[in-house]
Amino acid sequence: MRILVVGGGGREHAICWALKKSPKVSELYCAPGNGGIAEIAECVPIQVNQFEEIAQFACDNEIDLVVIGPDDPLAEGIVDHLEAKQITVFGPRADAAEIEGSKVFTKNLLRKYNIPTAAYESFKHYEDARAYLSKLQPPYVIKADGLAAGKGVIIAQTLEEAEKALHDIMVAKVFGESGNQVVIEEFLTGQEMSILSFVDGETVRPMVPAQDHKPVFDGDQGPNTGGMGTYTPLPHIPQSVIDEAIETIIKPTARAMVAEGRPFRGVLFAGLMLTPSGPKTIEFNARFGDPETQVVLPRLKTDLLDIFLATVNGRLNQMDIQWSDEAAVCVILASEGYPGPYPKGLPIEGLDAVQDSIVFHAGTAKKDGAIVTNGGRVLGVTALGKDIAEARAKAYADADRIRFQGKHYRTDIAKKALV
């Protein structure tokens with residue numbers, strides 16, 4: 001089969017890497033891809049928002065399946081666009097992708113179907129939102145309604161910080177149209193957990209759980225990022241809690257989307273908080289997580305292409321998906337300045353010195369035959385081991401072997417699992 005993956009980050013590198021292992025894949029393309037993906041797939045210079053060009057490429061090259069990686073094209077309806085041209089595509093349609101594209105939609109859905117989440121109110125007008133803040137106690141959680149590259153959630157410790165965040169989102173429009181509405185919700189405490197699931201309408205096949213590290217610095221300090229590292233499994237979280245999250249949140253949400261006439265097909269990502277009163281929903285994403293994918297897919301034993309095809313053909317309920325017992329740890333190597341402004345085009349050295357890890361490229365490019373930095377999160381160094389400690393040691397040893405100017409990373413990824 002001939003497969004086209006749409007996207008150019010670490011998640012798409014991991015998807016391509018997993019698909020490459022399938023004996024059924026004869027040709028693998030990625031649009032636009034990156035410096036690392038180019039080693040295993042043919043990169044095509046088409047951007048993720050160029051729907052017509054993607055459709056044309058798929059037709060011209062007799063593509064059997066298109067796999068959509070990022071959130072923006074899903075929210076903008078790329079699946080609907082391709083399906084209208086009889087192109088087979090893995091990912092949710094626009095009406096189902098709204099579960100990520102609008103936090104207001106999602107919070108209202110969860111409230112309607114009594115699915116556990118933080119208490120909240122939503123606002124269209126700045127003054128109303130500001131007045132509501134004064135009724136709350138810190139810390140304050142403020143979320144831009146729409147997509148904001150993983151940076152649209154602000155946790156403010158003081159009323160002044162909260163009011164500034166609100167002004168930035170709703171008045172200064174730092175996230176553009178995504179800030180036309182906001183959600184202000186209660187601050188939840190506990191451990192975070194991510195569960196990605198293959199979903200086909202009401203059929204839910206959960207993947208192994210993972211835990212991300214959002215803040216940029218050790219000890220969960222500094223501004224939120226797209227994710228500085230992740231690991232799986234979660235030995236410190238009881239299986240009963242994981243099962244409770246699946247039964248009380250993920251499966252009911254899939255059923256709710258069917259009831260709303262928006263059946264979800266693709267990967268549903270649940271961001272969860274394990275509170276003293278049980279698991280609660282922080283957010284849903286309509287696609288594979290990044291960097292969660294970089295630890296989850298290396299543990300997948302079943303052919304990923306078979307799962308994709310079963311999902312798009314409505315046969316996911318017939319799939320028996322197998323996972324390895326190994327642990328996986330991913331350490332993100334970021335550019336100096338990330339998540340703020342950062343330089344690009346810096347040479348990366350030491351990739352050939354990596355010994356025990358898979359290096360997933362997130363923000364890289366090929367320039368004059370060499371790999372250079374081309375993003376805020378540059379590389380994801382993923383290692384497998386018999387347990388978290390072994391995988392972690394391998395990943396950090398290889399992270400140290402890679403060099404580029406200004407490289408920085410967290411040194412405490414997966415530490416919580418060692419306690």
Side-chain angles (χ1 to χ4, degrees), residues 5-7 11 14-15 18-19 65-71 73-75 77-80 82-83 88-103 105-107 109-110 112-113 115-117 193-210 232 242-272 279-290 292-293 296-297 299-300 302-323:
V5 176
V6 173
R11 161 186 48 226
I15 292 168
L19 287 171
L65 177 70
V66 180
V67 180
I68 311 300
D71 46 10
L74 290 169
I78 190 170
V79 172
D80 311 65
L82 296 178
E83 284 184 343
T88 305
V89 55
F90 178 87
R93 294 172 183 155
D95 63 352
E98 195 167 357
I99 201 163
E100 177 170 16
S102 169
K103 294 182 177 65
F105 166 80
T106 301
K107 295 297 282 194
L109 179 85
L110 297 174
K112 178 177 176 180
Y113 289 90
I115 296 167
T117 190
M193 173 173 71
S194 305
I195 298 180
L196 287 69
S197 301
F198 297 107
V199 176
D200 161 24
E202 293 194 9
T203 302
V204 174
R205 289 285 184 269
M207 303 183 213
V208 289
T232 174
I242 295 165
D243 293 341
E244 183 185 353
I246 293 165
E247 296 300 328
T248 64
I249 294 174
I250 301 171
K251 288 182 178 178
T253 299
R255 289 195 293 269
M257 292 294 280
V258 171
E260 292 291 307
R262 304 169 182 247
F264 191 98
R265 283 197 180 82
V267 171
L268 184 63
F269 171 128
L272 308 163
K280 291 189 178 181
T281 314
I282 304 172
E283 63 176 358
F284 278 109
N285 295 330
R287 35 75 191 178
F288 278 105
D290 189 341
E292 289 88 351
T293 308
V296 169
L297 288 186
R299 291 187 58 199
L300 178 65
T302 305
D303 188 321
L304 182 61
L305 180 58
D306 286 345
I307 302 171
F308 284 167
L309 294 173
T311 304
V312 298
N313 294 324
R315 293 185 288 101
L316 186 60
N317 61 345
Q318 299 168 24
M319 285 295 297
D320 177 28
I321 300 174
Q322 299 289 324
W323 302 90

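As a basis for the values below, the full set of heavy atoms in this structure was taken, side chains included, without hydrogen atoms, waters or symmetry mates. What you are looking at is a predicted structure, and each value in this text was computed from that prediction instead of being measured.
Residues satisfying the salt bridge (charged side-chain N to carboxylate O under 4.0 Å, His left out) criterion with Glu292, sequence neighbours excluded, are absent altogether. In this structure Glu244 satisfies the side chain to side chain contact (heavy atoms under 4.5 Å, CB included) test together with Thr248, Pro279, sequence neighbours excluded. Listed by chain and residue number, Asp145 satisfy the side-chain hydrogen bond (donor to acceptor under 3.5 Å, both in side chains) test with Ser102 (two or more places apart in sequence, or in another chain). With sequence neighbours excluded, the residues that form a side chain to side chain contact (heavy atoms under 4.5 Å, CB included) with Pro70 are Arg11, Glu12, Val48, Ile68, Pro73. Checked against side-chain hydrogen bond (donor to acceptor under 3.5 Å, both in side chains), Asp80 has no partners two or more places apart in sequence or in another chain. Arg299 pairs by the salt bridge (charged side-chain N to carboxylate O under 4.0 Å, His left out) definition with nothing, not counting sequence neighbours. Remark: Glu83 engages Arg93 in a salt bridge (charged side-chain N to carboxylate O under 4.0 Å, His left out) (not counting sequence neighbours). With sequence neighbours excluded, no residue satisfies side-chain hydrogen bond (donor to acceptor under 3.5 Å, both in side chains) with Glu283. Residues passing the side chain to side chain contact (heavy atoms under 4.5 Å, CB included) test with Gln318, sequence neighbours excluded: Arg315. Considering only residues two or more places apart in sequence or on other chains, Lys280 meets the side-chain hydrogen bond (donor to acceptor under 3.5 Å, both in side chains) condition with none of them.
Scanning both residues, Ala75 and Ala94, for their nearest heavy atoms gives O-CB, 4.0 Å. Contact detail for Phe284 and Ala270: the closest heavy-atom pair is CE2-CB, 3.6 Å. Here the closest non-hydrogen pair linking Thr232 and Pro209 is OG1-O, 2.7 Å. Closest heavy-atom contact between Glu98 and Phe105: O-CD2, 3.6 Å. Of all heavy-atom pairs between Ala96 and Met257, the closest is O-CE, 3.4 Å. The minimum heavy-atom distance linking Arg287 with Phe269 is given by the pair O-CB, 3.5 Å.
Side-chain atoms of Thr281 come within 3.5 Å of backbone N or O of Pro116 as a donor-acceptor pair.
For the side chain to side chain contact (heavy atoms under 4.5 Å, CB included) criterion with Thr117, the lone passing option out of Ile282, Leu272, Leu110, Ile249 is Leu110.
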Quick one: side chains of residues 195-206, donor-acceptor pairs under 3.5 Å with protein atoms, not counting sequence neighbours, listed by atom name and distance.
{"unit_1": "Asp200", "atom_1": "OD1", "unit_2": "Arg265", "atom_2": "NE", "d": "3.0"}
{"unit_1": "Arg205", "atom_1": "NE", "unit_2": "Met319", "atom_2": "O", "d": "3.3"}
{"unit_1": "Arg205", "atom_1": "NH2", "unit_2": "Asn317", "atom_2": "O", "d": "3.0"}

Determine all donor-acceptor pairs shorter than 3.5 Å in which one atom belongs to a side chain in residues 304-313; sequence neighbours excluded.
{"unit_1": "Asp306", "atom_1": "OD1", "unit_2": "Lys24", "atom_2": "NZ", "d": "3.1"}
{"unit_1": "Asp306", "atom_1": "OD2", "unit_2": "Lys24", "atom_2": "NZ", "d": "3.4"}
{"unit_1": "Thr311", "atom_1": "OG1", "unit_2": "Ile307", "atom_2": "O", "d": "2.8"}
{"unit_1": "Asn313", "atom_1": "ND2", "unit_2": "Leu309", "atom_2": "O", "d": "3.0"}

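Side-chain contact between Val267 and Phe90: present, with at least one pair of heavy atoms (C-beta onward) separated by less than 4.5 Å.
Interatomic distance, CG of Leu316 versus CD1 of Ile321, reported as 5.5 Å (0.5 Å rounding). To the nearest 0.5 Å, atoms CZ (Phe264) and CG (Asp95) are separated by 10.5 Å.
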